[in-house]
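Just so we're clear, the structure is a prediction, and the values are computed from it rather than from any experiment. The analysis underlying the following values was restricted to heavy atoms, covering all of them including side chains, and did not include hydrogens, waters or symmetry mates. Numbers here are sequence positions counted from 1.
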Amino acid sequence: MPAFPEAARKALADTQLRRNLAHATGTIRAKRAAVVGEVGEWEELRLAGAAIKDNTLRRLDEYLLQLETSLQARGATVHWARDAAEACEIVAKIAHAHGVDEVVKVKSMATQEIGLNEALAERGVTAWETDLAELIVQLGDDLPSHILVPAIHRNRAEIREIFRRGMDDAPPGLSDEPAELAAAARLHLREKFLRARMAVSGANFAVADSGTLVVVESEGNGRMCLTLPEVLVSVVGIEKIVPTWSDLDVFLQLLPRSSTGERMNPYTSTWSGITPGDGPQEMHVVLLDNGRTRALADEVGRQALRCIRCSACLNVCPVYERTGGHAYGSVYPGPIGAILNPLLKGVGVDEQTDSLPYASSLCGACFDACPVRIDIPEVLVHLRAKVVDAHREGTPKPEALAMKSASWLLSDARRLSAAERGLGVANRALTRFGKRVLPGGRRALGRLPWPGSLWTNARDLPAPPRESFRSWWRRGGRP
């Protein structure tokens, strides 16, 4: 994947993409604002959610063992996966043990994170996405662009064409009316639900004291996956734990309002182990690390593990709204992705990941919207420092050389004085490139030739002053 700046420039050139994103994020923002405004104690709920998450993370080892014990007591088999490869291998072995060559899936960020669909395909197992937006992405051979609405970058005309090309049972004469598109998807998925012997899910929450897994969704496809197949495998990030049912109450108020702009989700499914004659008769839970303990060890960054995947930060982010999710090169886009990806993978690993902490204006809108008060701007600045530190070895980058030069110049009064005199000469030389008046009366230079154009193509460059402060002071400080 290219670094964020290169991918973002490509996205910004796509007018249709920007139009789709602006319409969708604007709609979700308005819905969220309306339902959040109804809750007088919203800030108290945010504080409670953050406190529960922080308390859980401080005692994560205890709660993980409690969850394992609770699940096993109810007939579930618990697996521990250190990374993506281990998690995918566990799921594939379960499928092969039951002679399964296809599975149905509930929308799951964790399984996308580990590349489960691709890993299963390599082992001869087809994974069918059953969430409508995920189905659109899968049939279009595309990548998700949003945490909540993976196909947010598509409009209904594009979805119609994807269905016509990708569905062998698409109705003839299918229009782009939403009701017709939804009906076509329902018919396409129905026989897969009825045929599948194994399902794969994630979990929005895992309740430690009762061994209960929770999935919230809006379409009912999750309920079908969680009840019809014989075997159910749930891949759960270790940070998804909440200690008790009463703690869950807080998040079931925060999540739907922050994600879909609803007072509650249409479908909230909970399951605890095996019930003879009802639902799956074999249940596996894969507890996934995949960098989460690395993030937990970062005293500033660990707050990112509070995330409940609501996507509120994406919908208010001016950068995301203009570039979309593909520019982030990860299943986790937007402001939360800009901190979560480097925390999970580590900085200094690749250029694409290292570019993400800079994919922000630091406006703070994401912190204001976050239902669990993750201070994303604070973590972004923290990670920028870590990226710089990770690249101190080897050949210095131009930015590092510029900073060293500035340090050398500004640390000596005689050198600074000589540079100020040089600015007078530069002012006369640069005048030929033209000047513009900025708000407040300041003047800026026009567009400079390369390499100065790298700056002036995107930013104003104030014109050098006609006289230095030192010279003005020596004259007595008079105009």
Can a donor-acceptor pair be found, under 3.5 Å and without considering hydrogens, that links the side chain of N265 to the backbone of S218? no
Side chains of S361 and P318 in contact at under 4.5 Å (non-hydrogen atoms): yes
Derivation and outcome, salt bridge (charged side-chain N to carboxylate O under 4.0 Å, His left out), residues E113 and R292: CA-CA 12 Å; E113 173 192 329; R292 285 158 176 78; 2.8 Å; yes
Residues R302 and D54 bridged, charged N to O under 4.0 Å: no
Could you check T260 against E262 for side-chain hydrogen bond (donor to acceptor under 3.5 Å, both in side chains), going step by step and ending with a plain yes or no? CA-CA 5 Å; T260 55; E262 298 171 293; 2.5 Å; yes
Residue pairs meeting ring-ring contact (aromatic ring centres under 6.0 Å, His included), one or both in residues 272-324, sequence neighbours left out, come to H79-H284, H146-Y320
Kindly indicate whether the side chain of C225, heavy atoms from C-beta on, has any atom under 4.5 Å from the side chain of V104. yes
Would you say that L17 contacts N20 through its side chain, given a criterion of any heavy-atom pair below 4.5 Å between the two side chains? no
Out of V316, I376, I374, which residue meets the side chain to side chain contact (heavy atoms under 4.5 Å, CB included) rule with P335? I376
Just by distance, do the side chain of R32 and the backbone of A369 share a donor-acceptor pair under 3.5 Å? yes
Run H96 and V125 through side-chain contact (heavy atoms from CB on, under 4.5 Å) and show every step you take. CA-CA 9 Å; H96 287 157; V125 180; 4.0 Å; yes
Checking the side chain of K240 only, and the main-chain atoms of A203 only, is there a donor and an acceptor separated by less than 3.5 Å? yes
NZ/NE/NH1/NH2 to OD/OE distance under 4.0 Å, E102 and R195: yes
Can K105 and T130 be counted as having a side-chain donor-acceptor contact under 3.5 angstrom? no
When you compare the side chains of N341 and S330, does any donor N or O come within less than 3.5 Å of an acceptor on the partner? yes
Is atom CG of D169 surrounded by more than 12 heavy atoms (other residues, nucleotides or ligands) closer than 6.0 Å? yes
Could you check whether S234 and S201, counting side-chain N and O atoms only, form a donor-acceptor pair closer than 3.5 Å? yes
Just by modelled atom types, is the E134 backbone N or O under 3.5 Å from a matching donor or acceptor in the Q138 side chain? no
Run the side-chain contact (heavy atoms from CB on, under 4.5 Å) test on V236 and V285 for me, step by step, so that the C-alpha distance in whole Å, both residues' side-chain angles and the decisive distance to 0.1 Å come before the verdict. CA-CA 7 Å; V236 184; V285 179; 4.1 Å; yes
Is there a donor-acceptor contact under 3.5 Å from the side chain of E118 to the main chain of A121? no
Please determine whether a side-chain nitrogen of the Lys or Arg among E41 and R46 lies less than 4.0 Å from a carboxylate oxygen of the Asp or Glu. no
Is R197 close to P229 at the side-chain level, that is, under 4.5 Å between some pair of heavy atoms? no
Considering only NZ, NE, NH1 and NH2 on the basic side and carboxylate oxygens on the acidic side, decide whether R156 and E161 come within less than 4.0 Å. no
Using atom types as modelled, flag every donor-acceptor pair under 3.5 Å from a side chain in residues 65-73 to any protein atom, sequence neighbours excluded.
from : atom 1 : to   : atom 2 : distance (Å)
E68  : OE2    : W80  : NE1    : 3.0
T69  : OG1    : L65  : O      : 3.0
S70  : OG     : Q66  : O      : 3.0
S70  : OG     : A208 : O      : 2.9

Using 0.5 Å steps for rounding, measure from the CG atom of N315 to the CD1 atom of I28. 4.5 Å
Taking atom CD of Q16 and atom CD of E158, what is their separation to the nearest 0.5 Å? 5.5 Å
In Å and rounded to the nearest 0.5 Å, what is the CG to CE distance from L139 to M167? 5.5 Å
CG/L228 to CG/L194 distance, rounded to the nearest 0.5 angstrom? 6.5 Å
Stepwise, does the salt bridge (charged side-chain N to carboxylate O under 4.0 Å, His left out) test hold for R294 with D289? CA-CA 9 Å; R294 177 188 289 113; D289 186 333; over 6 Å; no
Show, in sequence, the C-alpha distance, side-chain angles and deciding distance for L296 and I238, and conclude whether the side-chain contact (heavy atoms from CB on, under 4.5 Å) test is met. CA-CA 11 Å; L296 186 63; I238 57 175; over 6 Å; no
Donor-acceptor pair, side chain of N55 and main chain of A51, under 3.5 angstrom: no
Side chains of T353 and D350: donor-acceptor distance under 3.5 Å anywhere? yes
Return yes if some donor-acceptor pair links the side-chain N/O of H326 with the main-chain N/O of L143 below 3.5 Å, else return no. yes
S108 side-chain N/O to T111 backbone N/O, donor-acceptor pair under 3.5 Å: yes
Filter on ring-ring contact (aromatic ring centres under 6.0 Å, His included), then keep only pairs touching residues 202-249, sequence neighbours left out; what's left? F205-F251
Near H23 NE2, under 6.0 Å, is it more than 12 heavy atoms from other residues, nucleotides or ligands? no
For T275, is there any backbone N or O sitting under 3.5 Å from a side-chain donor or acceptor partner on Q281? yes
Is it true that E89 and R123 make a salt bridge, defined as a side-chain N closer than 4.0 Å to a carboxylate O? yes
Would you give the length of the straight line joining atom CG of N204 to atom CE of M109, rounded to the nearest 0.5 angstrom? 11.0 Å
Using distance alone, with no hydrogens and no angle criterion, decide if T212 and T270 have a side-chain donor and acceptor under 3.5 Å apart. no
How would you list all residue pairs meeting salt bridge (Lys or Arg N to Asp or Glu O under 4.0 Å) that involve residues 358-374, not counting sequence neighbours? E43-R373
Would you say that P171 contacts E180 through its side chain, given a criterion of any heavy-atom pair below 4.5 Å between the two side chains? no
Test side chain to side chain contact (heavy atoms under 4.5 Å, CB included) applied to P357 - qualifying residues, sequence neighbours left out: P342, L380, L383, R384, V387
Do S355 side-chain atoms and A3 backbone N/O form a donor-acceptor pair below 3.5 Å? no
Consider only side-chain N and O atoms of R74 and S272, and report whether a donor and an acceptor are under 3.5 Å apart. no
Flag side-chain contact, heavy atom, 4.5 Å: V214 against S269: no
Given the rule in the side-chain contact (heavy atoms from CB on, under 4.5 Å) test, do K386 and V388 qualify, once you have shown the distances and angles that lead to the verdict? CA-CA 5 Å; K386 291 176 75 72; V388 171; over 6 Å; no
Listed once per pair and sorted, the salt bridge (Lys or Arg N to Asp or Glu O under 4.0 Å) pairs that draw on residues 263-285, sequence neighbours left out: E38-R263
Gap separating the CE atom of M264 from the CD atom of Q253, nearest 0.5 angstrom: 11.0 Å
Output field: ring centroids F4/Y328 closer than 6.0 Å: yes
Are R165 and D141 packed together at the side-chain level, in the sense that at least one heavy-atom pair is separated by less than 4.5 angstrom? no
Any donor-acceptor pair under 3.5 Å linking the side-chain atoms of H188 with those of D168? no
